Protein chains: 2
Amino acid sequence: MVKKENLKPDIVSVAKLAGVSVATVSRVMNHPDLVQPSTRKKVEQAIRKCGYIRNRAAQTIHGRRSATIGLVVPTLAYTIFAELVQAFNDTVTDSGFTLLLASHGYDLAAEYQLVRKLLEHRVDALALIGLDHGQDTYRVLREQGVPVLAIWNYAANSEISCIGVDNAEAGRLAANHLLMLGHRSIGTVFPALEDNDRARARKSSAMDRFMSLDAELRPEWQRQTPYSIAEAKVACLDLLDRAERPTALLCGNDVIAQGAIFSALRLGLSVPRDVSIIGIGDFAGSAELEPGLTTVRIPANRIGTAAARQLIKAVDNAADGALLGTRFECELVMRGTTITARPG
Amino acid sequence: MVKKENLKPDIVSVAKLAGVSVATVSRVMNHPDLVQPSTRKKVEQAIRKCGYIRNRAAQTIHGRRSATIGLVVPTLAYTIFAELVQAFNDTVTDSGFTLLLASHGYDLAAEYQLVRKLLEHRVDALALIGLDHGQDTYRVLREQGVPVLAIWNYAANSEISCIGVDNAEAGRLAANHLLMLGHRSIGTVFPALEDNDRARARKSSAMDRFMSLDAELRPEWQRQTPYSIAEAKVACLDLLDRAERPTALLCGNDVIAQGAIFSALRLGLSVPRDVSIIGIGDFAGSAELEPGLTTVRIPANRIGTAAARQLIKAVDNAADGALLGTRFECELVMRGTTITARPG
DNA sequence: AATAGTGATGCAAATGTTTTCATGATAAAT
DNA sequence: ATTTATCATGAAAACATTTGCATCACTATT
């Protein structure tokens with residue numbers, strides 16, 4: 001009777017095949033410099049020969065590291081977080097980590113469960129979007145002491161490390177642009193603000209600017225819609241299809257702005273002649289719209305890469321645990337969807 | 001001296017705190033029905049009290065299951081796989097699994113490395129996009145015997161289970177639509193075909209149709225560009241900005257189609273009056289374009305959900321290992337970007 | 001030639017669970 | 001009242017690694 005030769009090879013069978021101890025095999029994979037080149041070669045050959053695939057779980061359990069990093073985003077729809085996720089993933093992958101991804105649909109209770117699940121898998125580090133998170137989420141992160149990073153929004157007073165733009169600044173830039181062009185009749189289209197610090201910061205700072213210059217902000221021009229082109233388009237059709245229209249529309253992000261543009265086009269309105277539209281985000285594809293979308297650029301790629309780098313560094317120097325805040329500048333990108341307001 | 005009371009709680013400390021054995025604690029988490037309600041309550045209380053978070057790695061190592069499912073996609077950019085990933089992720093999450101995501105940038109060598117990495121983490125199942133994969137990838141999947149599923153393309157002769165649409169059919173539908181409208185001067189814009197069975201199937205079946213009706217397919221009307229709105233727009237600007245234009249453009253997917261539309265608009269051409277444009281995919285947002293994009297619908301949501309369900313089922317009935325092929329129908333969606341060719 | 005130092009390797013303990021098997025208690029059947 | 005069946009629980013082996021410590025064979029130093 002052959003003793004379980006059919007089963008999946010483990011480190012012991014590799015060791016046997018190579019004629020060394022399991023310790024040596026382990027070292028070949030984790031500290032190759034500690035083993036003599038000739039033995040290393042033998043072991044590597046044995047690994048290939050029997051098709052051995054190391055078991056990360058065993059490594060994880062030993063308390064070393066799981067070689068995984070968790071990322072929790074509100075949504076994967078559209079391009080909202082696509083560039084960010086892509087850049088983040090590419091960067092952690094390059095460093096040998098694997099990404100554990102979770103999305104919660106803008107539901108903080110769901111987010112807590114996902115965070116727990118990622119912690120069960122002993123992710124070496126964890127990234128969340130924004131700073132609005134449940135009490136329980138903050139608590140469990142504190143207790144577990146895993147390196148954690150809030151991406152996308154920067155706030156000086158955050159209780160966890162954060163990296164991103166100042167969304168209040170983003171809103172202000174967008175609002176100022178419209179005001180500077182002379183617009184005083186203004187509509188806004190934002191998603192639900194609760195549990196979404198990014199949208200809240202953008203909108204409230206923009207509103208402050210509008211009100212400080214006494215812009216007209218009729219209630220029927222202020223809409224709420226999820227981040228969805230389809231739903232935004234419907235909302236804006238209703239907003240724009242009336243005798244009295246605002247001359248400009250500030251949208252919570254570029255996805256909503258796209259919906260707004262297409263609703264205007266649908267109504268036979270010209271953008272920007274009949275209505276100016278500005279977004280926030282500068283998502284992939286916004287530049288290529290015709291006319292190009294005026295928006296506030298959030299450097300998603302750079303943020304994603306920097307976020308990943310920072311977490312990887314935190315994994316390496318464990319126990320450091322310093323609170324880091326990194327602020328990226330956002331920037332107005334003037335393209336074709338905004339124009340001077342026609343004199344009243 | 002308190003013995004390591006500061007360290008992270010493990011199952012032993014929970015057991016002590018609850019006054020039961022570790023076996024009972026384990027059962028509370030994995031087979032709650034096997035333990036008496038009163039003890040269960042005690043244990044659950046102890047778990048909450050000391051903030052215990054179970055260690056999935058230990059479970060994985062024991063050979064049970066890792067509660068993870070791997071998904072390898074070519075890209076996360078744009079909305080190409082956004083709906084699919086979202087649906088897939090939501091479904092596996094609902095069943096208690098965590099998603100390990102990887103993207104390889106349409107590079108099959110990179111894909112192999114990612115697959116290996118996911119196998120190191122002992123994913124309970126693995127999903128890939130399409131049927132073009134390296135020899136080594138197929139081999140390692142065979143050897144490991146992990147449930148695997150190819151998503152997005154259906155082919156009767158696939159050597160692994162697959163679920164998706166028949167991309168040749170998709171190309172045929174699109175081509176037929178243009179031909180039916182009377183178009184005989186046709187341009188195509190596709191990504192590189194090698195290592196991309198989906199694009200290859202779409203294009204070759206479409207070309208067959210075009211040639212069978214003797215359509216004019218000038219070489220300068222046939223372009224190759226990655227799946228990128230920006231790059232597609234550039235390519236199409238060049239394609240369309242010439243004295244002799246095709247009357248219709250078949251695009252490899254909706255992202256390319258968007259680039260094509262905006263390039264036409266940029267050139268002052270009207271879509272569909274001056275040029276008809278058809279995409280493939282019906283991505284989120286395609287319907288809301290103005291005019292709405294005519295395309296071939298691939299039901300990404302349903303495919304993603306079905307794929308996840310099938311893999312979960314395969315995890316549950318391990319050792320089954322039947323080869324399954326599931327074909328979803330794709331369907332022409334006529335919207336505003338195509339119109340009858342002007343007579344001769 | 002004897003000793004110290006170095007570098008590669010092996011042994012075995014440790015990691016945090018799950019599960020099989022055994023045990024004891026309680027309820028049901030005679 | 002005794003036997004049998006059922007049920008809840010515990011003890012301990014098993015899982016696949018990593019790593020501290022010990023060992024052994026050399027080389028370098030005196």
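Here is how names work: the chains are called A, B, and so on, in the same order as the sequence lines, proteins then strands, and each is numbered from 1. Keep in mind the model is a prediction, meaning the values are calculated, not measured.
- Put simply, the side chain of A/Leu17 does not reach to within 4.5 Å of the side chain of A/Ile47, judged on heavy atoms.
- Rounded to an integer number of Å, the gap from NE2 of B/His31 to P of C/dT17 is 15 Å.
- One can place NZ of B/Lys16 at 13 Å from C1' of C/dG16, the figure rounded to the nearest angstrom.
- Counting only distance, with no hydrogens or angles, the side chain of B/Lys42 and the backbone of B/Gly19 share no donor-acceptor pair below 3.5 Å.
- A salt bridge does not link B/Arg309 to B/Asp94: none of the charged nitrogens lies less than 4.0 Å from a carboxylate oxygen.
- Between A/Ser158 and the options A/Leu131, A/Leu323, A/Ile163, A/Leu324, a side chain to side chain contact (heavy atoms under 4.5 Å, CB included) holds for only A/Leu131.
- Between the two ends of the helix from C/dA1-D/dT30 to C/dT30-D/dA1, each summarised by a five-pair axis, the helix axis turns through 40° (rounded to 10 degrees).
- Rounded to an integer number of Å, the gap from A/Arg56 CZ to D/dT18 C1' is 13 Å.
- Whole-Å rounding puts the A/Ile53 CD1 to D/dC15 P distance at 20 Å.
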Query raised in the report: How does protein contact run along nucleotides 7-14 of chain C, one letter per nucleotide 5' to 3', with B for base contact, S for sugar-phosphate only, - for none, heavy atoms under 4.0 Å?
Result: -SBBB--B

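- Ion pairing between a basic and an acidic side chain is recognised when a charged N comes within 4.0 Å of a carboxylate O; B/Arg48 and B/Glu44 show no such pairing.
- Counting only heavy atoms from C-beta on, A/Tyr52 has its side chain closest to D/dT17 among D/dA16, C/dT18, D/dT17.
- Residues B/Leu99 and B/Thr93 have side chains not in contact (no heavy-atom distance under 4.5 Å, counting atoms from C-beta outward).
- Residue pairs that meet the side chain to side chain donor-acceptor pair (under 3.5 Å) test with at least one member in residues 105-127 of chain B, sequence neighbours left out, are A/Arg56-B/Glu120, A/Thr98-B/His121, B/Ser66-B/Asp124, B/Glu111-B/His133, B/Tyr112-B/Arg116.
- Nucleotide D/dA14 holds its P atom 14 Å from the CG atom of A/Asp10, rounded to whole Å.
- C/dT17 atom P lies 5 Å from atom CG of B/Asn55, rounded to whole Å.
- Between B/Arg40 and B/Asp33, none of the side-chain N atoms (NZ, or NE/NH1/NH2) sits under 4.0 Å from a carboxylate O, so this pair counts as no salt bridge.
- The phosphate of C/dT17 (OP1 or OP2) has no side-chain N or O of B/Gln59 nearer than 4.0 angstrom.
- The side chain of B/Arg54 contributes an N or O atom lying less than 4.0 Å from OP1 or OP2 of C/dT18.
- Rounded to whole angstrom, the span from the CG atom of A/Asn30 across to the P atom of D/dG20 amounts to 12 Å.
- The NE2 atom of B/His121 sits 14 Å away from the C1' atom of D/dT17 (whole-angstrom rounding).
- Judged purely by distance below 3.5 Å, without hydrogens or angles, the side chains of B/Arg54 and B/Asn30 pair a donor atom with an acceptor atom.
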